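Residue numbers start from 1 in every chain, and the chains themselves are labelled A, B, ... in the order their sequence lines are given, proteins ahead of strands. Note that this is a predicted model, so its numbers are computed, not measured.
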Amino acid sequence: MLTDFIAQLPNFLAQVATTEVPVPHDLEIPLPIPEWALKLWVVPVFLLHIFFVNLMVGGALMAFVNEIIGLRFPRYDRLARCIGETVTVNKSLAVVLGIGPMLMMNLLYTIHFYSANALTGHAWALLIPLIITVFLLAYLHKYTWETWTGPRKGRHVLVGGAVAALFLFIPLIFLVQVNTMLFPDKWSQVKGFFTALQIGNVFPRYFHFVAASLALMGLFLAGWFGRKSFPVEEKLPEFTRPELRRHFYRWTFWVSCAQFAFGPLVFFTLPTQGITATVMLWIFGAVFVAILVLGLLWKEIHESDARIGRRFWPIAALFSLVVLGMGQGRHVYREAALAPHKEAIARKTAEFRSIELGTQMRIRTGLGAGDALTAAPSGKKLFAQTCAACHAVEKATSAPSLVEIHSLFKDNPAGIVSWAKAPGKKRAQYGPMPPMAHLGDDNLALIAAYMLEQGKGATAQPTAAP
Amino acid sequence: MDFPIFHLEFLGNRMLIAITAIIHVLINHPLAVGAYPLITLLEWWGLRKGEPAWDKLAYRIVFIVFIITTTVGALTGVGIWLTTSLVAPFAIGSLLRVFFWGWFAEWLVFISEVGLIMAYYLTWKRFATPRLKRLHVAIGATLSAFSWLTMALIVAILGFMMNSGAWTQDKSLWSAMFNPLYLPQLAFRTPYSMFTAGLFVWFCIFFVTKRDDPIRPRAVRLVAIWTLAWLPLVVLGALWYWRSVPAAMQANANVALLTQAFSQWHGMFIKIIGYTVAVVAVMALIGAVRPRALPRYALLVPFVLSIWLLGHFERVREFIRKPYVIADYMYANGVRVSALPVYQRDGILPYATYSAVKQATAANALVAGHEVFMLTCSRCHTTAGMNNVITKFEHLYGREPWDHEALVGFIQGMHLTRTYMPPFPGNEAEASALATYLRSLQPPAPAVSAAPAVLTANR
């Protein structure tokens with residue numbers, strides 16, 4: 001054991017040495033609005049987006065499960081259909097409402113967001129095709145409900161299953177992205193989506209998210225089917241309104257109870273670098289309100305048919321508070337976790353800016369930026385940079401050789417300059433020469449002199465390829 | 001320099017964005033921007049004439065448009081953003097900072113647009129009374145306005161990338177938005193959207209009506225007239241754009257020079273405009289006079305032509321902005337113009353966060369060369385896939401082993417002969433390391449005896 005350990009020690013140490021935290025430079029253009037304003041808005045705007053994401057994911061899952069139950073008990077098939085109808089609307093809202101928070105995240109966490117992006121690049125590139133696929137399948141599922149029946153029902157259920165599975169997978173890509181951006185110290189270990197799954201606490205967060213989607217959708221449906229304007233008798237004749245309310249309250253209640261297991265799991269697996277007193281305050285405040293929500297749900301479930309539904313809006317309001325508290329806690333955690341790294345980035349960015357401005361100043365004042373830039377242009381260097389790709393000294397490859405040019409222009413260097421500024425096409429075997437006027441007469445004269453000098457002593461070789 | 005590098009060696013990074021963007025624009029222009037106003041027109045026409053057949057037709061077409069725009073259309077739009085953040089985070093990050101309020105406004109307009117699309121489609125059957133029906137037509141008209149507005153806002157950003165106008169001096173959002181190429185582009189894209197919507201809806205009519213349905217010829221006639229009506233504006237918009245481009249290019253490029261490739265492309269644009277407009281005009285005339293005369297598949301010809309036109313338009317647009325990704329401010333490889341001298345003096349590797357080596361030396365030339373390639377070339381080039389540099393050097397230097405000095409000289413001066421290329425942002429040692437790396441990738445020269453055969457095969 002011990003000898004093994006000692007044998008591996010150098011490897012281990014080398015690994016530790018290479019896993020230093022990368023500190024990039026920030027972009028040069030300053031933020032267009034103050035950072036505090038972005039921080040104020042990013043959480044509520046993000047929660048609005050995630051609200052519809054939750055409804056979309058939860059809805060797809062619940063529609064699928066109810067459709068399967070409906071194979072045996074037909075009234076659940078109709079219920080599944082009514083749930084499924086909300087998915088295609090919620091998905092559109094989820095997409096459009098996602099633009100704003102993404103814009104704000106891109107500004108607030110420019111370096112972190114894009115770095116996590118690139119590190120899980122292939123999964124990120126797959127997002128759009130996957131989302132398009134699941135959206136098209138969701139429409140297919142919705143608009144074939146009446147036609148794919150009988151022997152075709154199996155196909156319909158399968159499509160619903162594919163929709164649910166894709167909706168379960170896609171959030172994982174986003175989750176890996178926002179998780180990866182939190183841990184710059186792990187970036188050098190990330191080699192794509194699958195390794196990124198292993199840093200931080202992706203899976204506990206993922207289960208927490210899926211359960212939240214189910215709970216939120218349950219509460220949403222208690223309100224959606226429970227509202228006066230929903231035609232229960234027409235669309236779900238085998239159910240009564242109070243029955244639907246109770247059914248989905250109960251669902252919300254039990255899933256929320258499960259969150260009391262997932263929540264602590266997320267909390268205790270969270271890397272400690274961002275946990276502060278403020279984070280605890282937000283999270284435990286939200287947990288306290290969540291207990292109130294459970295109490296109210298319990299009361300509603302045991303309410304008589306005549307009175308059930310009266311506490312819906314208070315529950316919805318408190319539920320929103322829970323989500324806001326959790327979201328804010330999450331944000332404060334991210335801020336605390338990234339603060340040292342953001343500071344290091346700001347320092348490094350300022351450092352580079354001063355180097356850059358110093359260089360610009362030296363160029364402007366004529367001091368020169370350094371050897372490479374102060375060196376006077378020479379015909380040799382200019383020829384190598386602009387002409388040598390096509391013109392060789394002796395051999396005519398893709399253009400006439402310098403020997404040939406010498407024989408044409410030996411007493412007339414100015415002729416080379418004027419030709420180069422506006423070349424024509426002379427020889428059938430070569431392509432046309434691009435104009436070089438932008439180099440300026442002085443540089444072209446230097447080149448011409450160099451060309452003639454090189455072409456003078458040499459002798460022509462036959463063309464390489466006929 | 002400042003982001004881990006995502007690189008698609010086979011497809012090429014540009015292609016990932018290009019595919020997404022082309023699909024998006026081909027759906028956005030004819031369907032989102034053009035089709036909603038035309039469908040609203042059909043619906044309004046039916047309401048005015050009191051003929052439900054028009055309404056039924058419009059509803060069937062709006063279903064197709066609704067499904068496509070809320071899936072592939074909307075998502076590829078977001079996709080341009082997502083793929084760009086993968087490939088060129090430095091560019092999209094900078095653009096977002098310049099255009100924050102524009103982007104924010106775009107977001108609000110986009111929310112309204114999608115909300116209106118859903119309201120328009122989902123309430124179609126429910127709004128049955130004449131009063132509600134009029135309201136429904138009004139929703140359609142508002143939706144059309146918002147669809148156009150989303151395009152109008154985003155085109156400002158595209159124009160900015162090509163020519164930043166006064167922004168480089170005053171850094172204001174207004175200067176950035178009303179850059180010299182903005183209005184000409186919009187003047188082309190708007191009528192383009194409308195006339196291609198005509199072609200699309202015309203095509204749809206064949207699929208949603210029966211052969212003997214009396215509405216079919218009448219609808220074809222109406223749509224043909226719509227298409228015809230927009231054609232003059234397409235020509236005017238295209239000419240305006242075509243004439244503003246060289247001026248904008250001369251004003252923005254340090255090297256004010258229209259390369260031969262560009263002038264060829266530029267001339268090509270006018271030719272395609274000519275073909276497309278001529279073919280569409282003839283077909284639309286036939287459609288307006290004898291609506292039954294044209295078979296459905298004949299419509300594919302103008303459709304393909306108009307896709308070609310737009311494809312060329314976008315390619316020219318992409319070509320003009322080179323070598324910059326944001327004109328006069330940032331090169332396509334993410335190097336800012338004002339930081340270039342620093343890299344040319346000190347090298348780029350000391351400032352590259354994720355580079356395995358910080359200095360190019362003779363000992364690490366291959367590794368350093370690879371890093372330099374990834375940092376400075378890989379946003380546009382690959383070494384074995386699309387737009388690969390090895391093939392380009394083979395065209396230049398043939399298949400015999402390349403001369404190291406020639407390669408180094410070319411790398412440092414390529415922006416002088418190929419003005420669409422950014423200047424090499426590295427020092428002498430890095431240019432040499434890059435040359436070493438590129439030479440290591442050169443395929444072995446063919447055996448001497450086989451040479452003539454290979455040469456003939458290549459011709």
Side-chain angles (χ1 to χ4, degrees), chain A residues 22-33 89 92-93 95-97 99-100 103 106-107 110-111 114-115 117-119 121 124-125 127-128 131-132 135-136 139 187 352 355-356 359-360 363 369-370 372-373 381-382 384-386 388-390 397-398 432 434-439 464-465, chain B residues 1-6 16 20 67 70-72 74-76 78-79 82-83 85-86 89-90 92-94 96-98 100-101 103-104 107 110-111 114 118 122 255-257 259-260 336 338-339 341-342 344-346 351 353-354 396-398 405-406 409-410 412-413 416-417 419 427-428 455:
Chain A
V23 181
H25 311 91
D26 199 356
L27 300 179
E28 187 237 16
I29 301 174
L31 285 181
I33 63 169
V89 176
S92 282
L93 293 171
V95 168
V96 288
L97 291 171
I99 306 284
L103 174 59
N106 275 209
L107 290 172
T110 306
I111 291 295
Y114 295 132
S115 299
N117 238 328
L119 289 171
W124 190 252
L127 266 180
I128 293 296
I131 299 176
I132 290 175
F135 282 9
L136 286 171
Y139 279 127
W187 288 352
F352 183 78
I355 297 176
E356 185 183 328
T359 316
Q360 293 287 349
I363 293 174
L373 297 162
K381 177 113 184 159
L382 283 165
Q385 291 181 340
T386 52
C390 301
T397 46
S398 56
M436 296 290 161
H438 56 283
L439 292 176
Chain B
M1 281 125 275
D2 301 309
F3 302 94
I5 291 171
F6 172 80
L16 183 69
T20 320
I67 298 286
T70 59
T71 55
V72 193
L75 264 304
T76 45
V78 181
L82 298 198
T83 48
S85 18
L86 261 188
F90 41 82
I92 194 86
S94 301
L96 284 179
R97 290 179 181 204
V98 176
F100 173 75
W101 289 110
W103 224 284
F104 191 79
W107 180 43
F110 186 38
I111 294 176
V114 169
M118 288 192 296
L122 296 171
V255 276
L257 156 99
T259 64
Q260 285 153 341
R336 276 180 301 107
S338 69
V342 180
Q344 289 186 330
R345 182 191 57 197
D346 305 344
Y351 300 107
T353 313
Y354 297 94
L396 271 180
Y397 295 116
E405 287 313 311
F410 177 78
Q412 293 189 310
L416 298 173
T417 47
T419 47
N427 59 15
E428 185 85 32
L455 280 173

For residues [X] and [Y], report the shortest heavy-atom separation together with the two atoms involved.
X	Y	result
B/G413	A/T386	O-CG2, 4.5 Å
A/T359	B/V342	OG1-CG2, 3.4 Å
A/L136	B/T71	CD2-OG1, 3.5 Å
B/L75	A/I128	O-CD1, 3.3 Å
B/S85	A/N117	CB-ND2, 3.9 Å
A/V96	B/W107	O-NE1, 2.6 Å

Would you mind checking which part of B/L122 comes under 4.5 Å of any heavy atom in chain A, side chain (CB onward), backbone (N, CA, C, O), both or neither?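 Looking at B/L122, just its side chain touches chain A.
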In terms of heavy-atom proximity below 4.5 Å to chain A, should B/Y351 be classed as side chain, backbone, both, or neither?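 Both parts, heavy atoms under 4.5 Å.
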Could you tell me which of [options] has the largest number of non-hydrogen atom pairs under 4.5 Å with chain B?
options	result
A/V89, A/L93, A/L382	A/V89
A/P30, A/G100, A/A384	A/G100
A/P32, A/A118, A/P22	A/P32

Side-chain donor/acceptor of B/D2 to backbone N/O of A/H25, under 3.5 Å: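 It does hold such a pair.
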Among [options], which has the most heavy-atom pairs under 4.5 Å with chain A?
options	value
B/Y397, B/F90, B/F104, B/W101	B/Y397
B/T20, B/I67, B/V78	B/I67
B/E405, B/Q412, B/M1, B/R97	B/R97

How far does OG of B/S338 sit from CD of A/Q360, to the nearest 0.5 angstrom?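 Taking OG in B/S338 and CD in A/Q360, the distance rounds to 5.5 Å.
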Look up atom CG in B/L82 and atom CD1 in A/I131, then write down how far apart they are to the nearest 0.5 Å.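 Result: 7.5 Å between the selected atoms.
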Chain B heavy atoms under 4.5 Å from A/L97: which part of the residue, side chain, backbone, both or neither?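 When you check distances to chain B, atoms from both the backbone and side chain of A/L97 fall under 4.5 Å.
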Let me know if A/A388 has heavy atoms under 4.5 Å from chain B in its side chain, its backbone, both or neither.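 Backbone of A/A388 only, per the 4.5 Å heavy-atom cut-off to chain B.
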Please determine whether side chain to side chain contact (heavy atoms under 4.5 Å, CB included) holds for the pair B/R336 and A/I29, giving the CA-CA distance in whole Å, both sets of side-chain angles, and the decisive distance to 0.1 Å. CA-CA 11 Å; B/R336 276 180 301 107; A/I29 301 174; over 6 Å; no
Between A/V95 and B/V114, is the side chain to side chain contact (heavy atoms under 4.5 Å, CB included) condition met? List the steps. CA-CA 10 Å; A/V95 168; B/V114 169; over 6 Å; no
Applying side chain to side chain contact (heavy atoms under 4.5 Å, CB included), run through A/I99 and B/I111 and close with a yes or a no. CA-CA 9 Å; A/I99 306 284; B/I111 294 176; over 6 Å; no
Parallel, tilted or perpendicular for B/F3 and A/Y114, by the 30°/60° rule? perpendicular
